[in-house]
Amino acid sequence: MIMSSDYKGCSAEIIDVRAQDSRKGIVVAVKGFFEKERVRKSFYQWFFLAPQETGYFVLNDILFVDGDSNENVTS
């Protein structure tokens, strides 16, 4: 579903980021908005960062786009 969606040309605004150590990595939660063609939608993303020798790898990634939060941007 995500790959078939056209998110190119969107701008994003991050509202909040939270991270917590886990036994084998780091859990990260992100809340924000994205805007495309003057329509703004909220999104929530959770992902798990697994450590590697040269940094981290995104092992699991969940993205939720709130389809009910359409707002026409006026300005």
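As a basis for the values below, the full set of heavy atoms in this structure was taken, side chains included, without hydrogen atoms, waters or symmetry mates. In this chain, numbering begins with 1 at the start of the sequence shown.
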Minimum-distance pair of heavy atoms, taken over all atoms of Val65 and Lys41: CG1-CD, 4.0 Å

State the OG-CZ distance between Ser11 and Phe33, to the nearest 0.5 angstrom. 12.0 Å

Partner residues of Ala50 under the side chain to side chain contact (heavy atoms under 4.5 Å, CB included) criterion, sequence neighbours left out: Phe48, Leu59

Partner set under side chain to side chain contact (heavy atoms under 4.5 Å, CB included) for Glu13, not counting sequence neighbours: Ile15, Arg40

Hydrophobic cluster identity match, Val58 and Leu63, side-chain contacts under 4.5 Å: yes

Hits for side-chain hydrogen bond (donor to acceptor under 3.5 Å, both in side chains) against Asn60, two or more places apart or cross-chain, chain-then-number order -> none

Evaluate the side-chain proximity of Gln45 to Asp61: yes if any heavy-atom separation is below 4.5 Å, no if none is. yes

Taking only residues two or more places apart in sequence or in another chain, which ones pass side chain to side chain contact (heavy atoms under 4.5 Å, CB included) with Ile14? Val17, Val30, Phe43

Ignoring hydrogens, what is the shortest heavy-atom contact between Ala29 and Trp46? Give both atom names and the distance. CB-CD1, 3.6 Å

What one should report as the nearest heavy-atom pair of Gly25 and Pro51 is CA-CD, 3.8 Å

Under the ring-ring contact (aromatic ring centres under 6.0 Å, His included) rule, collect the residues that match up with Phe34, sequence neighbours excluded. Tyr7

Return yes when atom CD of Gln20 has more than 12 non-hydrogen atoms of other residues, nucleotides or ligands closer than 6.0 Å, and no otherwise. no

Among pairs that include at least one residue of residues 17-32, which meet salt bridge (Lys or Arg N to Asp or Glu O under 4.0 Å), considering only residues two or more places apart or in two chains? Asp16-Arg18

Identify whether Ile26 and Phe47 are in the same connected component of the hydrophobic contact network (ILVMFWY, side-chain heavy atoms under 4.5 Å). yes

